[in-house]
Student: 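To start, I am sharing the structure in question, which I have written as structure tokens.
All of these numbers come straight from a predicted model, not from anything done at the bench. Each chain gets a letter, A, B and so on, in the order the sequences are listed, and its residues count up from 1.
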There are 2 protein chains.
Amino acid sequence: MSASAGTKKRILDVAERLFGERGYAATSLRAVTVAAGANVAAVNYHFGSKEGLLRAVVDRAMGPVNEARQRLLDGFLADGGKPEVADLVEGFVRTGADLTRPREGGAAAVARFLGRVMCEPDPEIRRLFADEVGAVEGRYLEELTRALPALSAAEVAFRYRVMIGLLALHQAGALADLAPRGVSDGSSPEGPDEETERLVATVLAVFRAP
Amino acid sequence: MSASAGTKKRILDVAERLFGERGYAATSLRAVTVAAGANVAAVNYHFGSKEGLLRAVVDRAMGPVNEARQRLLDGFLADGGKPEVADLVEGFVRTGADLTRPREGGAAAVARFLGRVMCEPDPEIRRLFADEVGAVEGRYLEELTRALPALSAAEVAFRYRVMIGLLALHQAGALADLAPRGVSDGSSPEGPDEETERLVATVLAVFRAP
DNA sequence: GCCCGTTTCAAGCGGTCGTTTTAGATTGGG
DNA sequence: CCCAATCTAAAACGACCGCTTGAAACGGGC
């Protein structure tokens, strides 16, 4: 067994946070290891390379989300019937958006990280992430297409991508930052829960449009 | 006068393309200058620093869009009446989305660049961009709030951010890339025009939801 | 023709990047 | 107790980063 399995976990935690805050390219291994109280060599020992570290962080972060979505979808299909659009959308969005809430263990760093990775420019990173979530997302797209026979497959696919994109922006905290400057918003700070509710309602409206 | 004003323009063109393709942090000045057939020192001579170059590219790219949006909004307001939601949304989205079409002069690099900058993690870059578009965007948000009295200001602001975010993803080409892998999409490749139409319709649906 | 401001270039600055090497701790099993 | 396996640390590798320097090319005005 690992003498101090703490190092590996600490590196993963810090990398998740820093990758989410600054992006992958702008985060150096040294920044990660210093913040984690570890050595640069530990990264290459445990993960092989910087990209290996990213892959490990993605794996750990998406694992529970993928499982939750699988279980939810299996539940919808278990009754033998066709799942409804509202169930599919709410299930999919909420399993992702719930990560933005200050979690039991730690913070909303997971969400920020996942949202950020989804928007990374490097196509290799995009592919890495797509491989991780592809299977589950494909099932949801299929079911949504079945549940929306009035819409063409291309139209459903487009709205599906809108859902994924909005969820990513929400997770990354980018939606909250996109407000224009000069407007003195008298609105209250808007907790993450209110924003999640608005997001679910919005995505539902997108799918229900004629 | 500049002996060969070509160098400055060539650097701007290449930077716009590379920043849009790889992101700001992952693009080195050397990559830009080599592709532009220029020297690294030329960047610091013309723009002062890497961030100065970014600022110049943002300025050049957003200038026409800001002007077009100003003119459009002025036209809506000139009749003395309140502009309608459909006009505001279509005007705003189309002025941004039209950049994705292969332009008269060159390519859709401008759009990709703008969409990418809007999603950059670095808060300083976000601020830089927000300063550039803030004034015009603020006016659209105000008019949208006036045109949607049934919705709370916070609700309009949220849907407004959804519009900005979706437009950014569309410009960056991220919407087209977010499709799940394993699904053999029988759909045709979907040109940018079809996607723009879908985007306009979707954003309109978002604002018209109760 | 010469001059001076503008523009470009090759070279190099200190620093940081991702990665590797080598050696020293630490640990559980025989 | 010792050994082998596991893990971490310090130092260094070559490469590349953004930026600066000093000098060469260029151009129009006198």
Student: Give one of base, sugar-phosphate or nothing for Ala42(B), where a contact means two heavy atoms less than 4.0 Å apart.
Tutor: nothing
Student: Can you tabulate the close N/O pairs, meaning under 3.5 Å, that link protein atoms to atoms of nucleotides 14-18 of chain C?
Tutor:
residue	atom	partner	partner atom	Å
dC17(C)	OP1	Ser28(A)	OG	2.8
dG18(C)	OP1	Lys50(A)	NZ	2.9
dG18(C)	OP2	Leu29(A)	N	2.9
dG18(C)	N7	Arg30(A)	NH1	2.6
dG18(C)	O6	Arg30(A)	NH2	2.8

Student: Looking at Glu195(B) and Arg198(B), does any basic side-chain N land under 4.0 Å from a carboxylate oxygen?
Tutor: no
Student: If only side-chain N and O atoms of His46(B) are considered, is one of them under 4.0 Å from the OP1 or OP2 phosphate oxygen of dT8(C)?
Tutor: yes
Student: Need to verify one output field. Residue with the more 5' nearest nucleotide on DNA chain D, Ala41(B) or Tyr45(A)?
Tutor: Tyr45(A)
Student: Using a 3.5 Å cut-off on both pairing distances, which stems of three or more Watson-Crick or G-U pairs include DNA chain D?
Tutor: C:3-28 with D:3-28
Student: Could you pull out all residues at least two apart from Ala31(A) that satisfy side-chain contact (heavy atoms from CB on, under 4.5 Å)?
Tutor: Leu18(A), Arg22(A), Ser28(A)
Student: Any salt bridge between Asp13(A) and Arg10(A), counting N to O under 4.0 Å?
Tutor: no
Student: Separation of Leu53(A) atom CG from dT19(C) atom P, in whole Å?
Tutor: 10 Å
Student: Report the residues that fulfil side-chain hydrogen bond (donor to acceptor under 3.5 Å, both in side chains) with Glu67(B), sequence neighbours left out, ordered by chain and then residue number.
Tutor: none
Student: Provide, to the nearest angstrom, the distance between the CG atom belonging to Asn39(A) and the P atom belonging to dG24(C).
Tutor: 16 Å
Student: Supply the atom-to-atom distance Glu155(B) CD to Tyr160(B) OH, rounded to the nearest 0.5 angstrom.
Tutor: 15.5 Å
Student: Please state how far atom NZ in Lys8(A) lies from atom P in dT26(C), giving the value in whole angstrom units.
Tutor: 21 Å
Student: Test Glu132(A) against Arg127(A) for side-chain contact (heavy atoms from CB on, under 4.5 Å), laying out the working first.
Tutor: CA-CA 9 Å; Glu132(A) 184 74 23; Arg127(A) 200 179 49 76; over 6 Å; no
Student: If I take atom CZ in residue Phe47(A) and atom P in nucleotide dT20(C), what distance separates them, rounded to the nearest angstrom?
Tutor: 16 Å
Student: Listing request: all ring pair (Phe, Tyr, Trp, His ring centres under 6.0 Å) pairs with a residue in residues 17-66 of chain B, at least two apart in sequence or in separate chains.
Tutor: Phe19(B)-Tyr24(B)
Student: Can you sort out the partners of Arg55(B) under salt bridge (charged side-chain N to carboxylate O under 4.0 Å, His left out), two or more places apart, ordered by chain and number?
Tutor: Glu51(B)
